[in-house]
Amino acid sequence: MSWNDKLSNSVQSIAPSGIRKFFDIAAQMKDVISLGVGEPDFVTPWTIRESCVYGLERGYTSYTANRGMPELRAEIANHFKKRHNLNYDSDKEILVTVGVSEAMDLAIRAVINPGDEILIPEPCYVSYQACTILAGGVPVAVPAKIENEFRITPEELEPYLTPKTKVLLIGYPNNPTGAIMERDDLLKIADFAEKHDLIVISDEIYGDLTYNGVHECFAALPNMKDRTILLNGFSKAYAMTGWRIGYALGNSDFIGAMTKIHQYTMLCAPITAQMGAIEALRRGEKYMKKMVAEYDRRRKLIYDGFKQMGLDSFEPRGAFYIFPNITSTGFTSEEFAEKLIMAEHVALVPGTAFGKSGTGHVRCSYATSIEKISEALNRIQHFLTKNKNH
Amino acid sequence: MKELLEVLEHNSRISVSELASMFQKSEYEIEKEIERLEREKIILSYGALINWERFGNDTVTAIIEINLTPQREVGFDAIAERIYRFDEVKTVYLMSGNFDLLVIIEGKSLKDVANFVATRLSTIDGITQTRSHFILKPYKKDGIIINDEEKDRRLVVSP
């Protein structure tokens, strides 16, 4: 007997992640080079790991305040004051979460009523749609265009507006495209949000990984702080993915509502991870900057590599992904990814895993060593030559 | 170009074409820049960091603290030069604190090194005292952990 029809409608309506298949194939190969990994290849800087060990030795093993340890919230407030001149009240406007993933879920659940619509520029991270559906909302995908380097404009958003549109959810620097939004791009989006009275959820987990310029924080734009739920964390910049630690910043109504859900479902983020996060903010920046410099060199190497192969790609300016267009090969994204891993043992992720507008693209992560990137580029070149007359 | 030096210090075998991509310059420009750095003795040599113990070489390394009487005009430099010209001497630093020179010596055996210190170093005019410390086990050298067990534990594909 199958229990499937006893499952909730919302769970049944979300598709399993499209990445799984490639994971299974790749996991069986020995010499696979993976450009399919969405996390840093660095281990968390030692000073952060050491401070967590020290915390355990001293017996930091209890629950913390629902909102997170006061010291951590103070460090976060301090960081945003220094970096973006933003003033968040560490008692009322900051919530420490179990990664940005939890923060995203909370933010959507806190503001969405059944049937409310969320505008989501695509391609985007895999959880945005799923979280929306699980909260009873309706995700409305707005395709971003490669001609525009996958940035989104009000003109593109406008046709998707309905009276039910309540939230605009943006994630820049972007996974999977590596796109960023510059200040001028964001100012237009800010006007649009204000004009249509939208809540903006801004996922800025890759903010520190911005190259050739500085990251523009959406909440720091004029008049945007109040209507923005700003999400960030430590996973990417500080190589702390497995720690599961992030945070949400916003007005006290939003954060209060999110805290309500958080206290009943999660209670608090793990105390060990919070200890590590405090150290990351106090002394981690120089290690982070070293990693960012290394990503930047790899970014240029891989961008150059694809350019020389003749695979169309714009220069990614953020995160650690490049999103080349592979339609010239005659393959679909899935075919390309599958044939490449079978023939050359290089794993990457088809663009369609990140929404329909990822069609014809593949996501390559350059969070791997220079040697491996070079070898992967050679193998891809070999694959292209062999399949030239496909 | 500090960043180029940092990359080369970590991996001197990296190809010119990779460097050209990474620094968005032509291969010619990178070659010229490296030539200049070599000419100006900013890059001194290209070597490999080798775990000799694992290879099976049983050399002995000793750190020697040396006290000496500085000489008129040349201070410590003349004696330092007499010391660093020896092939056995791998490293020489002038130090602040309780001694003057820190010298690192490699030899085939304990006896070999002791002999060198006794007959060649201690006898140099101006050296008043030497203290030898033999290295038992290296853990980290030039920023590299010798037996690093940390490895890539990530899933092969993740969102």
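Since the structure is predicted, the reported quantities are computational estimates derived from the model, not experimental observations. Below, chains carry the letters A, B, ... as their sequence lines are ordered, and counting in each starts from 1.
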Closer than 4.0 angstrom, basic N to acidic O: yes or no for Arg49(A) and Glu150(B)? yes
Taking everything shown except [X] itself, do over 12 heavy atoms lie less than 6.0 Å from its [atom1]?
| X | atom1 | result |
| --- | --- | --- |
| Lys141(B) | NZ | no |
| Arg82(B) | CZ | no |
| Glu9(B) | CD | no |
| Asp125(B) | CG | no |
| Glu73(B) | CD | no |
| Asn57(B) | CG | yes |
| Tyr46(B) | OH | yes |
| Asp87(B) | CG | no |

Checking side-chain polar atoms at under 3.5 Å, does Glu39(A) have a donor or acceptor matched by the opposite partner on Ser158(B)?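 Judged by distance alone, the side chains do not pair up.
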Within the structure provided, determine whether [X] and [Y] are in side-chain contact (heavy-atom separation under 4.5 Å).
| X | Y | result |
| --- | --- | --- |
| Val37(A) | Val156(B) | no |
| Asp296(A) | Glu3(B) | no |
| Ile370(A) | Ile14(B) | yes |
| Val349(A) | Val157(B) | yes |
| Met22(B) | Asp304(A) | no |

Per-residue contact mode, [X] against chain B (heavy atom under 4.5 angstrom):
| X | result |
| --- | --- |
| Glu371(A) | side chain |
| Ala27(A) | both |
| Tyr125(A) | side chain |
| Pro40(A) | backbone |

Between Gln308(A), Met29(A), Arg363(A), the one whose heavy-atom pairs under 4.5 Å with chain B are most numerous: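 Of the candidates given, the most pairs with chain B belong to Arg363(A).
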Pairs of heavy atoms under 4.5 Å with chain B: top-ranked of Thr241(A), Val43(A), Asp41(A):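 Going by pairs under 4.5 Å, I would pick Asp41(A).
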Under the criterion side-chain contact (heavy atoms from CB on, under 4.5 Å), I'd like the reasoning laid out for His10(B) against Glu294(A): C-alpha separation, chi angles, the key distance, then a yes or no. CA-CA 12 Å; His10(B) 184 68; Glu294(A) 175 66 18; over 6 Å; no
Nearest-0.5 Å distance that lies between atom CG in Leu19(B) and atom CZ in Arg297(A):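 Here the interatomic distance stands at 10.0 Å.
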Distance, nearest 0.5 Å, that separates CH2 of Trp46(A) from CD1 of Ile145(B):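 The CD1 atom of Ile145(B) is 9.0 Å from CH2 of Trp46(A), to the nearest 0.5 Å.
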Any idea which heavy atoms bring Asn175(A) and Pro159(B) closest together, and the distance? ND2-O, 2.9 Å
What residue among Leu301(A), Ile373(A), Leu377(A) forms side chain to side chain contact (heavy atoms under 4.5 Å, CB included) with Glu18(B)?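 In the set Leu301(A), Ile373(A), Leu377(A), the residue that makes a side chain to side chain contact (heavy atoms under 4.5 Å, CB included) with Glu18(B) is Leu301(A).
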